[in-house]
**Q** 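A single structure is presented below for examination.
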Amino acid sequence: MIDLDKISHEVISTAKNAGTFIRNQTDKLRSIDVETKGNHDYVTYVDKTAEEQIVQSLQALLPEAGFIVEENTISKQGDAYNWVVDPLDGTTNFIHGIPVFSVSIALMHHKEVVLGVVYEVNLDECFSAVKGKGAFLNGMPIQVSNASALKDSLLATGFPYHDYTRMDSFIDLFKWCMKNTHGLRRIGSAAVDLAYVACGRFEGFYEYGLNAWDVAAGCLIVQEAGGQVSDFRGKDNYIFGREVVASNNNISHEFLNQIQKAFNPIKKH
Ligand code: 2AM
Ligand code: CA
């Protein structure tokens, strides 16, 4: 078995190095550097270069591992271990000069996430977790909040940008949250949303349409901070299932209940 604690320190350095590169490019990015991958889907040389740097460093760290990466700079499947990497989570914020974006790196052992690091680049906040060993922010232990009801909760979400078939359900939930919680934030980096649930800034987060690299690291960090993570059915297909709900333990039942009321049955727009 590999030494996850040792690897975790190296992954934290890797994420911070990539973050430093990204931060240094913030003022250099020009509009011609922005490419469109698809509808509302942008990428820059910064995403790609950061990914190349991360991949190179992780390959040296664990040569047998494969990769699931957003920008496809490498194609390699590992037998037991696979890295799941989003070099820049919050690219739209980055392009517009809004300082909320992160580097997200997870390590999966077969189907289980065993290590996660989310580095919030501008605040220099590094969230990390190793399976079974707790969650940390810049080396200090963190825990989810202890708010006990949605009426006392600040929630986060992301707007659908691709799959609009569940728009009416999404808006129904939105209306309910506006009236019945402390409010709803949309900060534009799912990895940061999850990290903020883990350290108790948000009580809960939900979004659909996300990819494994947006959520894998953050989900482990929430769980290791004492929180709950599931898909919209309350099941465990939240890494590859394109549905994620994360919250502190106390509100998880009530939160999932509201999500299911809105999304089940799905209201087509
Ligand atoms: P990204 O910046 O790595 O693309 C915001 O709701 C979340 O959705 C972010 O984690 C963002 O990750 C992800 N996302 C993926 N594709 C997106 C897109 N085309 N537009 C906006 N957010 C996108
Ligand atoms: Ca990205």
Side-chain angles (χ1 to χ4, degrees), residues 86 89-90 92-93 100 102 104 106 113 116 118 127 135 144-269:
D86 189 343
D89 188 53
T92 305
N93 280 348
V100 185
S102 61
S104 176
V113 181
V118 172
F127 300 84
V144 292
S145 90
N146 57 14
S148 57
L150 280 176
K151 70 177 178 40
D152 303 316
S153 296
L154 183 63
L155 304 175
T157 189
F159 302 146
Y161 49 81
H162 191 249
D163 171 7
Y164 300 118
T165 58
R166 292 186 275 178
M167 191 78 108
D168 285 358
S169 299
F170 188 81
I171 298 294
D172 282 354
L173 183 57
F174 213 86
K175 286 180 185 165
W176 191 92
C177 290
M178 270 185 223
K179 290 183 192 157
N180 296 288
T181 70
H182 278 194
L184 202 48
R185 298 287 180 268
R186 199 287 191 198
I187 62 176
S189 165
V192 173
D193 289 319
L194 287 161
Y196 283 10
V197 173
C199 69
R201 293 174 188 164
F202 291 139
E203 272 67 37
F205 166 68
Y206 62 93
E207 185 162 348
Y208 72 83
L210 294 175
N211 292 294
W213 47 75
D214 298 312
V215 300
C219 286
L220 178 69
I221 297 170
V222 170
Q223 289 165 329
E224 288 297 322
Q228 296 282 330
V229 185
S230 72
D231 58 26
F232 286 6
R233 291 161 191 260
K235 304 277 194 250
D236 60 7
N237 189 21
Y238 50 85
I239 304 284
F240 295 99
R242 303 179 79 85
E243 282 179 2
V244 64
V245 192
S247 69
N248 81 15
N249 256 328
N250 298 341
I251 67 159
S252 64
H253 185 72
E254 189 190 3
F255 193 26
L256 203 53
N257 203 17
Q258 288 305 328
I259 288 172
Q260 288 175 347
K261 265 192 197 161
F263 280 89
N264 196 9
I266 293 166
K267 300 178 191 97
K268 301 265 184 193
H269 77 135

**Q** Could you go through the side-chain contact (heavy atoms from CB on, under 4.5 Å) check for Lys151 and Thr181 one step at a time?
**A** CA-CA 4 Å; Lys151 70 177 178 40; Thr181 70; over 6 Å; no
**Q** For the pair Phe202 and Tyr196, name the ring-plane relationship: parallel under 30°, tilted 30 to 60°, perpendicular over 60°.
**A** tilted
**Q** Identify the heavy atoms of Ala106 and Ala217 that sit nearest to each other, and give their distance.
**A** CB-N, 3.6 Å
**Q** Hey, could you give me the CZ/CZ distance between Arg201 and Arg185, rounded to the nearest 0.5 Å?
**A** 14.0 Å
**Q** How far does CG of Asn237 sit from CZ of Arg242, to the nearest 0.5 angstrom?
**A** 11.5 Å
**Q** Evaluate the criterion side-chain contact (heavy atoms from CB on, under 4.5 Å) for residue pair Val244 and Leu210; output intermediate values, then yes/no.
**A** CA-CA 8 Å; Val244 64; Leu210 294 175; 4.1 Å; yes
**Q** For the backbone of Leu150 and the side chain of Asn180, can you confirm whether one donor and one acceptor N or O come within less than 3.5 Å of each other?
**A** no
**Q** Considering non-hydrogen atoms only, spot the tightest contact between Glu207 and Thr157 and give its length.
**A** OE1-C, 4.0 Å
**Q** So Phe159 and Phe170, would you call those rings parallel, tilted or perpendicular, with 30° and 60° as cut-offs?
**A** perpendicular
**Q** Under 3.5 Å, side chain of Asn248 to main-chain N/O of Val144, donor-acceptor pair present?
**A** no
**Q** What verdict does the side-chain contact (heavy atoms from CB on, under 4.5 Å) test give for Met178 and Leu184, after you've listed the backbone C-alpha separation in whole Å, the side-chain angles of each residue and the deciding distance to 0.1 Å?
**A** CA-CA 7 Å; Met178 270 185 223; Leu184 202 48; 5.6 Å; no
**Q** Do Phe232 and Ser169 come within less than 4.5 Å of each other through their side chains, counting heavy atoms only?
**A** no
**Q** Using a 3.5 Å distance criterion without hydrogens, assess whether the side chain of Asn249 forms a donor-acceptor pair with backbone atoms of Gly226.
**A** yes
**Q** Can you give me the closest heavy-atom contact between Cys219 and Ile239, atom names plus distance?
**A** CB-CD1, 4.4 Å
**Q** Taking Asn146's backbone N and O only, do any of them form a donor-acceptor pair with Asn250's side chain (distance below 3.5 Å, no angle check)?
**A** yes
**Q** As an exercise, state the distance from CG of Asn264 to CZ of Arg166, rounded to the nearest 0.5 Å.
**A** 10.5 Å
**Q** Is there a side-chain contact (heavy atoms from CB on, under 4.5 Å) between Asp214 and Ser104 once you walk through the steps?
**A** CA-CA 7 Å; Asp214 298 312; Ser104 176; over 6 Å; no
**Q** Side chain of Ser247, backbone of Glu203: donor and acceptor closer than 3.5 Å?
**A** no
**Q** Quick one: closest heavy-atom pair of Ala191 and Asp89, and the distance?
**A** N-OD2, 2.9 Å
**Q** Looking at Phe205, is its backbone amide N or carbonyl O close enough to the side chain of Asp193 to form a donor-acceptor pair, meaning the two atoms are under 3.5 Å apart?
**A** no
**Q** Taking side-chain contact (heavy atoms from CB on, under 4.5 Å) as the test, write out the residues that go with Ala135, two or more places apart.
**A** Ala129, Ile142, Ile221, Glu224, Ala225
**Q** For Tyr208 and Asp163, indicate whether the former's side chain and the latter's backbone hold a donor-acceptor pair under 3.5 Å.
**A** yes
**Q** Do you know which two heavy atoms are closest between Val229 and Gln223, and how far apart they sit?
**A** CG2-CG, 3.8 Å
**Q** Can you sort out the partners of Asp236 under side-chain contact (heavy atoms from CB on, under 4.5 Å), two or more places apart, ordered by chain and number?
**A** Tyr238
**Q** Which residues pass the side-chain contact (heavy atoms from CB on, under 4.5 Å) test with Leu256, sequence neighbours left out?
**A** Ser230, Val245, Gln260
**Q** Hey, does the side chain of Asn93 reach the backbone of Ile187 with a donor-acceptor pair shorter than 3.5 angstrom?
**A** yes
**Q** Hey, could you give me the CD1/CH2 distance between Ile259 and Trp176, rounded to the nearest 0.5 Å?
**A** 10.0 Å
**Q** How far does CD of Glu243 sit from CG of Asp231, to the nearest 0.5 angstrom?
**A** 5.5 Å
**Q** Mind checking whether Leu173 and Tyr206 have side chains closer than 4.5 Å, heavy atoms only?
**A** yes
**Q** Under 3.5 Å, side chain of Asn211 to main-chain N/O of Trp213, donor-acceptor pair present?
**A** no
**Q** Nearest heavy-atom pair of Gly204 and Phe255: which atoms, and what distance?
**A** CA-CE2, 3.8 Å
